[in-house]
Amino acid sequence: MSVGSSGEVEVAIIGAGIVGICAAAHLAEAGLKVTVFDRTGICEETSSGNAAALAFSDVLPLAHKGMLAQVPKWLLDPLGPLAIPPAYFPKLMPWLYRFWRAGAAGNYEGGLVAQASLMKLAETAWAGLMQRSGTKSMLREDGSLELYESEQEFRDSLPGWAARDRFGIGYRHLEKDELAAYQPGLSPDLVRGTFVPGWKTVSDPKLLGKAIWRYAEKHGAKFVQGDVALAVPSRDRIAIQLKQGRTILADKLVIAAGAWSHLLARQFGDRIPLETERGYNTTLPATAFDLKRQLIFSHQGFVVTPLETGIRVGGAVELGGLNRPPNFARSKAMMKKAQKFMPGLDPSGGREWMGYRPSLPDSLPVIGRARGRDNVFYAFGHGHLGLTQSAATGALIRDLVLRQAPEIDLSPFSAQRF
């Protein structure tokens, strides 16, 4: 694709993951000339292998999901739901301190309200974008089933469900003898469940992202494959330097580069404490289990999702940065747990994968302008909620670029909050 002999574009988006693609679709719909830059392709990296959930009811910040109490125990298990490689621990300490602060009682209300407002917008935004792009057939509205191994684990979850009551999020707690009606073939070791009817999934996150991109292309969006080395102010424009040796000037810039975004934000004066949740999964053939809906094992830190392309067993968090090699022993450990809870699961023929979730300590993304710049916009840091919140983020970025009032208060998502 050519951007002209001058190498100039109107709106440049760095990152062709689901957040960048949704931003491109909204901006292109509004008549802006959009060019997306990515080193690989459309939804080829982290957005290709997520758990496929549109988790609109997942409003609790991670620091409030009982994680803080679990951290010491989890860290003793290198293959557990949360792992930190010992050599990486010193570098991670500032982020962990901010995460601990985010879990303080005084910070609970603001984080909860902000996340709930974004989730409400996300549901509306996805419904509209799917309708306009002709992708509604890729939506699955089967709800989710959260499962508990003990009565104590179930009781520990109740404050979180009570918090959801405030925002009209529907759910139904199930007794042990009710579980089979929602998902046959579960282990008798599972003693309770919670069904969330409003929880949605998509048939395949990579295929959905590519379909949204085709819609953006119909509205004139363009793609350039290139690895961005640097993005810096250049008078009243932004100079984007590719490692391939090319420089492009953009009138406006949207940074949606996932786990790499904070490195670019530094060029605009914003130091953002973004860390990388390395998530693992295994995608099995569709015949591996008769799966009715997404199953959530929060205490164990993984989910099992039915896809058009198979059954995906994935989750867990490894806070290990961008440079360490994958530790696929983690995906194998999740598979063993899945077999324990789903005794009939056939583990053969699986495909392992690892992706980088961009995570901020308060569980809120960065959506807004760069420090002192009215033509640089941030759209990153969604953690494990990138797919869920991407359509809303795209709509908010469109509003900011067009200088329209956003639909929700963006101050909790400011890059300057840190």
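Not one N or O on the side chain of D270 forms a donor-acceptor pair closer than 3.5 Å with the backbone of A265. No donor-acceptor distance shorter than 3.5 angstrom exists from the side chain of S414 to the backbone of S411, with no hydrogens or angles considered.
When the side chain to side chain donor-acceptor pair (under 3.5 Å) test is applied to R312, the partners found at least two apart in sequence or on another chain are T283. Applying the salt bridge (charged side-chain N to carboxylate O under 4.0 Å, His left out) test to R278 and every residue at least two apart in sequence or in another chain returns E318. Applying the side-chain contact (heavy atoms from CB on, under 4.5 Å) test to S187 and every residue at least two apart in sequence or in another chain returns D189, P343. Checked against ring-ring contact (aromatic ring centres under 6.0 Å, His included), Y182 has the following partners two or more places apart in sequence or in another chain: F195. The salt bridge (charged side-chain N to carboxylate O under 4.0 Å, His left out) test applied to D251 returns R237, not counting sequence neighbours. When the salt bridge (charged side-chain N to carboxylate O under 4.0 Å, His left out) test is applied to R166, the partners found at least two apart in sequence or on another chain are E109. R98 meets the side-chain contact (heavy atoms from CB on, under 4.5 Å) test with P273, P361, F418; sequence neighbours excluded. Residues that satisfy the side-chain contact (heavy atoms from CB on, under 4.5 Å) test with A52, not counting sequence neighbours, are N50, V202, P205, T305, L307. By the salt bridge (charged side-chain N to carboxylate O under 4.0 Å, His left out) test, R271 pairs with no residue at all, sequence neighbours left out.
The CG atom of L118 lies 5.0 Å from the CD1 atom of I367; values are rounded to the nearest 0.5 Å. Here CG of L32 is found 5.0 Å from CD of E10. Values are rounded to the nearest 0.5 Å.
Aromatic rings from F380 and Y378 are positioned such that their centres are separated by under 6.0 Å. Between W260 and Y356, the ring center distance clears the sub-6.0 Å criterion.
Identified under the side-chain hydrogen bond (donor to acceptor under 3.5 Å, both in side chains) test for residues 399-408, with sequence neighbours left out: D374-R403. Pairs engaging residues 113-139 under the salt bridge (Lys or Arg N to Asp or Glu O under 4.0 Å) rule: E29-R132, E123-K200 [sequence neighbours left out].
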Please table the atom pairs, donor to acceptor, closer than 3.5 Å between any side-chain atom in residues 345-354 and protein atoms at least two apart or in another chain.
from, atom 1, to, atom 2, distance (Å)
D346, OD1, S348, N, 3.0
D346, OD1, S348, OG, 2.7
D346, OD2, S348, OG, 3.2
E352, OE1, K332, NZ, 3.2
E352, OE2, S331, OG, 3.1
E352, OE2, K332, NZ, 2.9

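Taking the charged nitrogens against the carboxylate oxygens, D362 and R417 do have a contact shorter than 4.0 Å, which makes a salt bridge. The pair D227-K243 meets the salt-bridge criterion, with a side-chain N (NZ, NE, NH1 or NH2) lying under 4.0 Å from an Asp/Glu carboxylate O.
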